[in-house]
Chemist: 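For reference, the structure I am asking about is given below.
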Amino acid sequence: MDTPLLNLITGPDDVKQLSEQQTIQLCGEIRSFLVDSVMHTGGHLASNLGAIELTVALHRALDLPQDKIVFDVGHQCYTHKLLTGRKAGFAHLRQLDGISGFPNPRESEYDAFIAGHGNTALSLAIGMAWAKKLKKEPGWVVAIIGDGAFTGGMVYEGMNNIASLDNLMVILNDNKMSISKNVGAMARYLTHLRANPKYFQMNRHLSDTIEGVPLIGPPLRAFLSRAKKVIRRSMYDSTMFEDMGFQYLGPLDGHDVLNLEHTFRNVMVRSGPLFLHVVTTKGKGYEPAEQNPGEYHGISASFVPDPEVAAPASFSTVFGKKLCEAASARPEVCAITAAMKYGTGLQFFGHAYPNRFFDVGMAEQHAVTFAAGLASQGMLPVVAIYSTFLQRAYDQMIHDVTLLQEKVIFAIDRAGLVPADGETHQGVYDPAYLSQMGIPIYSPSNYAELSYWLVKLMGKEFQGPQAIRYPRGGETKTLSQYQCTGQDYDFLVNTPQSDILLISYGSEVDDVLEASRILDSKGIQNSVCKLVKAFPFTDKFLRDVAGSRVILFAEECVEEGGIGEHLLARLMEDGWKGQYLHRGVDNTKLTHATVPQLKNILGLDAEHLVQMVQTALTEKKERI
């Protein structure tokens, strides 16, 4: 692809050397490059196409890395990466040893902070701005926040603590909902005036002059200030931001790169905190993405729209359809999600039962406590949230659900290892913290088990909170063959004469079965146990596994505090004296890669599991 200007960009200083016409040309080249590149590698496309001009304008106006840009959410950072010398890395975007799909300070000095979860940027930016003030360092801190982030409460917590930060700028990248009314020519005219340095100078001079008039000066200044706010508020809805202490400016055309740059340079001559409302079009410049921005929010390689929409054949879709089916006879069933209706497969429920479906936005904490409130009044809420995002509601799960043992069912999507998005999106913590809370955990390995146990857990015989977790994507061919027995656990391979037992749950069972096959081919007889109820353990299960002298427990969960550690503790309490091997996730090794690559790195693939068993047997012989 011919991108002559983009090829010359090695850092922000290069961007500043371009003429106005070249700047416009650069935006076009970036747009063409992203469409071509991301279509081949996969990644977040529509959001990045909508933020090109905004990002270019900021890079021309700011002085990076002295100034800081904090993205919310970070998947809109591709243009920023291109402008900071990482064009070559896009050939391996979100791939092993390639560049991340999110900002990461370990990757570049121009990345201010890692950003994979939403509505965190303002709090981060406030902390960075205060650090600059305390250290007497120059420079602005700019938070770019998507409109979706304003559905989460953390943004408002941050807005309540901006104080008088004079080095903070917040940019609302509004590509979906209209927070402020666009009232046409008059609003644009006022915006132009307020962005002009002469306006600020005149306003400051007039305020000082009025303040100096004896007796009537202060009251007159207060009256004029109130009158000005009334006029502004009657013309566009900026009251919330101004009442929080921001100086509001907007709405601005997010695709007029020259006007954006002009505005940024002009407003930076005065003190913050500033709030700029920029209106953009998601998928700008690529018609399929403009027409279907949700479908092209994230795409997989080979031109297939994907990640944030559940595939036709997937655990998410099976869950959504089964829940919809079960709700037909259960009027108390409600479904709750946090800005992931399609990703969790709940679009079916939302269509069939709109009055019982609640998408609360990017607000996982509220989702969980809201569910507790529903449950306390006899409803049966099912909360469907990705594992990585459920972490954000840890406190609410403890205090608002488990203390009173409210019947809330947590449907945990994207459980276990997740490809491409890296360390911020891995679902490897929920078994550890849910087990610490005492919440029963069910981890089906195939569609049949998911369908059976989802309905089973909704029954009256199950009291208090319940969790059912399942991986991203579909069932494997191997695991689909086992269907569902309705038992808490199953011995998939049962070799009576063997005292070697391999145990796992969820999708990791596939790797354990392959390890079992390899061991058997090497003359090492073994058995395999698949947990469906991963926690807590029944006495019968403990008795059944205690007869083995070598136990290998493998799981897509952090090693420390994981289910494997719970099992070892219980076995030792019962006096078990065998050899215990535990392989979980070392979270210091998480990166962006495919799931098989991640398992290889973490030692959770079949070959590494076989090596663990062989090494243990060798050491055992040597001791004898």
Side-chain angles (χ1 to χ4, degrees), residues 300 304 306-330 333 335 337 340-352 382-387 390 409-419 427 430-431 440-459 462 466-493 503-514 528-535 554-557 595-596 599:
S300 61
V304 181
D306 182 29
E308 302 305 337
V309 177
S314 67
F315 280 97
S316 304
T317 302
V318 169
F319 157 75
K321 290 182 176 179
K322 193 63 181 181
L323 181 63
C324 193
E325 177 186 317
S328 64
R330 303 283 298 274
V333 174
T337 191
M340 288 294 175
K341 176 173 70 173
Y342 294 99
T344 57
L346 283 179
Q347 70 270 27
F348 309 107
F349 193 102
H351 178 74
V382 179
V383 182
I385 298 178
Y386 292 7
S387 173
L390 187 62
I409 295 177
F410 294 102
I412 305 173
D413 205 320
R414 271 64 166 177
L417 296 170
V418 178
D430 64 274
I441 305 167
Y442 291 79
S443 191
S445 296
N446 56 40
Y447 297 160
E449 288 180 344
L450 172 58
S451 298
Y452 174 85
W453 283 102
L454 176 62
V455 176
K456 186 79 172 176
L457 295 177
M458 295 168 68
F462 290 85
Q466 309 288 327
I468 185 165
R469 62 191 305 273
Y470 40 92
R472 176 186 168 187
E475 63 183 1
T476 67
K477 183 177 180 180
T478 298
L479 294 179
S480 67
Q481 297 172 356
Y482 291 98
Q483 292 301 305
C484 176
T485 65
Q487 302 300 313
D488 290 347
Y489 62 95
D490 298 296
F491 280 90
L492 303 185
V493 178
I503 308 175
S504 189
Y505 57 91
S507 60
E508 178 63 17
V509 174
D510 208 348
D511 297 86
V512 166
L513 282 170
E514 177 63 14
V528 175
C529 179
K530 171 179 66 65
L531 283 172
V532 180
K533 185 179 183 181
F535 184 87
E555 59 181 326
E556 293 179 46
C557 172
V595 171
K599 288 191 174 185

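All values below were derived from every heavy atom in this structure, side-chain atoms included, with hydrogens, water molecules and symmetry-related copies excluded. The first residue in the sequence is number 1, and the count goes up from there.
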Chemist: If you define the side chain from C-beta out and look only at heavy atoms, does anything of Y452 sit under 4.5 Å from P444?
Modeler: no

Chemist: Can you tell if the side chain of V318 reaches within under 4.5 Å of the side chain of L454, non-hydrogen atoms only?
Modeler: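 A side-chain contact under 4.5 Å is absent here.
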
Chemist: Kindly indicate whether the side chain of L323, heavy atoms from C-beta on, has any atom under 4.5 Å from the side chain of F348.
Modeler: no

Chemist: How about W453 and D488: do any of their side-chain heavy atoms sit closer than 4.5 Å?
Modeler: yes

Chemist: What orientation do Y447 and F315 show, parallel under 30°, tilted 30 to 60°, or perpendicular over 60°?
Modeler: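 Y447 and F315: perpendicular rings.
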
Chemist: Measure the shortest side-chain to side-chain distance between E508 and D511 over non-hydrogen atoms and say whether it is less than 4.5 angstrom.
Modeler: yes

Chemist: Measure across G427 and V418 and return the closest heavy-atom pair with its distance rounded to 0.1 Å.
Modeler: N-CG2, 4.3 Å

Chemist: Got a sec, which residues hit salt bridge (charged side-chain N to carboxylate O under 4.0 Å, His left out) with D413, two or more places apart in sequence or on another chain?
Modeler: none

Chemist: Rounded at 0.5 Å granularity, tell me how far CZ in F319 sits from CD1 in I468.
Modeler: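 One gets 8.5 Å once the value is rounded to the nearest 0.5 Å.
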
Chemist: Nearest 0.5 angstrom please: L492 CG to S445 OG, how far?
Modeler: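 Atom-to-atom, L492:CG and S445:OG are 8.0 Å apart.
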
Chemist: Any side-chain heavy atom of R472 sitting closer than 4.5 Å to one from P419?
Modeler: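 When only atoms from C-beta onward are counted, P419 and R472 do touch, with a gap below 4.5 Å.
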
Chemist: Please give me the minimum heavy-atom distance between P431 and I441, naming the atom from each residue.
Modeler: O-CD1, 3.5 Å

Chemist: Please name the pair of heavy atoms, one in D430 and one in A415, separated by the smallest distance, quoted to 0.1 Å.
Modeler: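 Closest pair (atom of D430, atom of A415, distance): OD1-CB, 4.5 Å.
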
Chemist: For the side-chain hydrogen bond (donor to acceptor under 3.5 Å, both in side chains) test, which of Q483, Q487, K530 pairs with E449?
Modeler: K530

Chemist: For the residue pair V382 and A411, what are the closest heavy atoms and their distance?
Modeler: CG1-CB, 4.2 Å

Chemist: Measure the CG-CD distance between N446 and Q481 for me, rounded to the nearest 0.5 Å.
Modeler: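 Separation between the atoms: 10.5 Å.
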
Chemist: Working to the nearest 0.5 angstrom, can you tell me the gap between K322 NZ and S451 OG?
Modeler: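 Going from the NZ atom of K322 to the OG atom of S451 covers 5.0 Å.
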
Chemist: State whether the side chain of S316 and the backbone N or O of G345 hold a donor-acceptor pair below 3.5 Å, judged by distance alone.
Modeler: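 No; judged by distance alone, with no hydrogens or angles, the pair does not exist.
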
Chemist: Measure the spacing between CZ of F462 and CD1 of I409 and express it to the nearest 0.5 Å.
Modeler: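 The distance works out to 9.5 Å.
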
Chemist: If every non-hydrogen atom of P440 is compared with every non-hydrogen atom of Q466, which pair is closest and at what distance?
Modeler: CB-OE1, 3.4 Å

Chemist: Under 4.0 Å between a Lys/Arg side-chain N and an Asp/Glu carboxylate O for E556 and R469?
Modeler: no

Chemist: Quick one: does any side-chain atom of S387 pair with a main-chain N or O of I412 as donor and acceptor, under 3.5 Å?
Modeler: no

Chemist: So which heavy atom on A326 is nearest to which on V455, and how close?
Modeler: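 A326 and V455 have their closest heavy atoms at CB-CG2, 4.4 Å.
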
Chemist: As an exercise, state the distance from CZ of F349 to OG1 of T344, rounded to the nearest 0.5 Å.
Modeler: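 Here the interatomic distance stands at 11.5 Å.
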
